[in-house]
2 protein chains.
Amino acid sequence: MKMTTKGRYAVTAMLDIALHDSKGSVNLADIAKRQDISLTYLEQLFSKLKRHKLVESVRGPGGGYRLALAADAITIAKIIYSVDESIDVTRCKGKQNCQGNLRCLTHDLWMELNMNISRFLNGLTLSDLIKRNNVKHVSERQDVALLQLQS
Amino acid sequence: MKMTTKGRYAVTAMLDIALHDSKGSVNLADIAKRQDISLTYLEQLFSKLKRHKLVESVRGPGGGYRLALAADAITIAKIIYSVDESIDVTRCKGKQNCQGNLRCLTHDLWMELNMNISRFLNGLTLSDLIKRNNVKHVSERQDVALLQLQS
DNA sequence: TACATAACCTAGTATTTTAGTCAAGTATTT
DNA sequence: AAATACTTGACTAAAATACTAGGTTATGTA
Ligand code: FES
Ligand code: FES
């Protein structure tokens, strides 16, 4: 599995949008400030998220991004997949050809681990996360911090 | 999580020893040939595995490595941990300080994923893997290949 | 219509990590 | 003594990652 800041940023940003969805659309500059992520880096991630139809964009002043699906239809797995290409832990990418075109000794082990991780990430949606108290608290803290920044 | 060839090689090599344990000790040169791993790279990994007391070494002619514990006492998690340092997917390494010393929006999500992966890898031992048919088959294939190589 | 805003796009680069090599050891058995 | 086998640490090429720079294009508003 590739679990890098790229995937983490993507989930964080998507969660940020889901939390501020009431405002119609959320612009990347705000996300960048709230979540402490470089704006231009976010732009790259959102180009992928859009390509995978997880978000829609609104151009021009007052524009931004909004979820393309309901929050309970967007799984964490989909988000990570969209920016990281895969959450695969095998070496062969499922092709069973690690060892000179043949299956290596541990192929099935990694496949099982894949399934385990997938089951977890596929079973969890943005709407699940929004409901959590720890997420609510952190989000409120971030909103306050942004307001202070702007004043 | 860092799931790289380093961790995969370590598990593969440990499994190889477990499978050939009847011979007392297994030397790295044989593992290198059977599993297609660079010998000098294996040496590095085994220095770590020894430091973590997962294997014992037997020096001199006929020497090699053998498991320091029973196969059913060595979990896959321990092996990966020994060479990769961690199977952690958080960004903060558990310290809750991603965002200027505070917890980020997704910290708890990654902690949950950590638990999920740990549960799986801690619940699986070398002895579990040895029993599997697919492992047996691949191992037999490798033994035959090594004999042909030596003749 | 000008202009500000914000998405969109293409390169490029600094840093880090990975996977692996090399060389000069030390220890143990035969 | 000689052969075998493990030990250690420094070193390196290549890849991936995280991030920056510098634009262009669309759109709402004054
Ligand atoms: S991981 Fe699939 S063949 Fe080795
Ligand atoms: S992952 Fe722990 S604070 Fe962000």
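Note that the structure is a prediction, hence the values are computed from the model and not measured. Naming convention: chains lettered A, B, ... in sequence-line order (proteins, then strands); numbering from 1 in each chain.
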**Message:** Under 3.5 Å, is there a donor on one side chain and an acceptor on the other for A:Thr4 and A:Arg8?
**Reply:** no

**Request:** Check the distance between D:dT17's C1' and A:Met3's CE and give it to me in whole angstrom.
**Result:** 13 Å

**Prompt:** In whole Å, what is the span from the CZ atom of B:Arg91 to the C1' atom of D:dC19?
**Reply:** 12 Å

**Pairing partner of D:dA30 (Watson-Crick or G-U wobble, both distances under 3.5 Å)** = C:dT1

**Request:** Please work out whether the ring planes of A:Phe46 and A:Tyr65 are parallel, tilted or perpendicular, with thresholds of 30° and 60°.
**Result:** tilted

**Prompt:** When all nucleic acid strands are considered with a 4.0 Å heavy-atom cut-off, which category describes B:Tyr9: base, sugar-phosphate, or nothing?
**Reply:** sugar-phosphate

**Request:** Check the distance between D:dC6's C1' and B:Arg66's CZ and give it to me in whole angstrom.
**Result:** 14 Å

**Request:** Please tell me if the side chains of B:Gln35 and B:Gln142 come closer than 4.5 Å, counting only heavy atoms from C-beta onward.
**Result:** yes

**Request:** State, with a plain yes or no, whether a side-chain heavy atom of B:Asp16 is found less than 4.5 Å away from one of B:His20.
**Result:** yes

**Validation row: B:Leu124, A:Leu109 side chains within 4.5 angstrom (heavy atoms)** = yes

**Message:** The side chain of B:Pro61 is closest to which nucleotide in this list: D:dA3, D:dC6, D:dA26?
**Reply:** D:dA3

**Fill in**
Minimal heavy-atom distance between A:Ser25 and A:Gly64, with the atoms involved, is OG-N, 3.7 Å

**Request:** Take atom CG of B:Asp30 and atom C1' of D:dT4, then tell me their distance rounded to the nearest Å.
**Result:** 13 Å

**DNA chain D-proximal residues of residues 33-43 of chain A, any heavy atom under 4.0 Å** = A:Ser38, A:Thr40, A:Tyr41

**Asked** Hey, is A:Glu112 close enough to B:Arg132 for a salt bridge, meaning N to O under 4.0 Å?
**Response** yes

**Message:** Please tell me whether B:Thr106 and A:Thr12 have a donor and an acceptor in their side chains that are separated by less than 3.5 angstrom.
**Reply:** yes

**Message:** Rounded to whole Å, please give me the gap between NZ in A:Lys48 and C1' in D:dA18.
**Reply:** 12 Å

**Item:** Spacing between A:Glu56 atom CD and D:dA26 atom C1', to the nearest angstrom
**Value:** 17 Å

**Complete:** Comparing A:Gln44 with A:Val58, nearest DNA chain D nucleotide closer to 5' gives the residue A:Gln44

**Message:** Side chains of A:Arg141 and B:Gln99 only: does a donor on one sit below 3.5 Å from an acceptor on the other?
**Reply:** yes

**Message:** Assuming nearest nucleotide by heavy-atom distance, tell me which of A:Ser57 and B:Gly60 is located more 5' along DNA chain C.
**Reply:** A:Ser57

**Distance, rounded to the nearest Å, where B:Lys50 contributes NZ and D:dC6 contributes C1'** = 7 Å

**Spacing between B:Arg51 atom CZ and D:dC6 atom C1', to the nearest angstrom** = 13 Å

**Item:** Span of DNA chain C in contact with chain A (heavy atoms, under 4.0 Å)
**Value:** C:dA4 to C:dA11

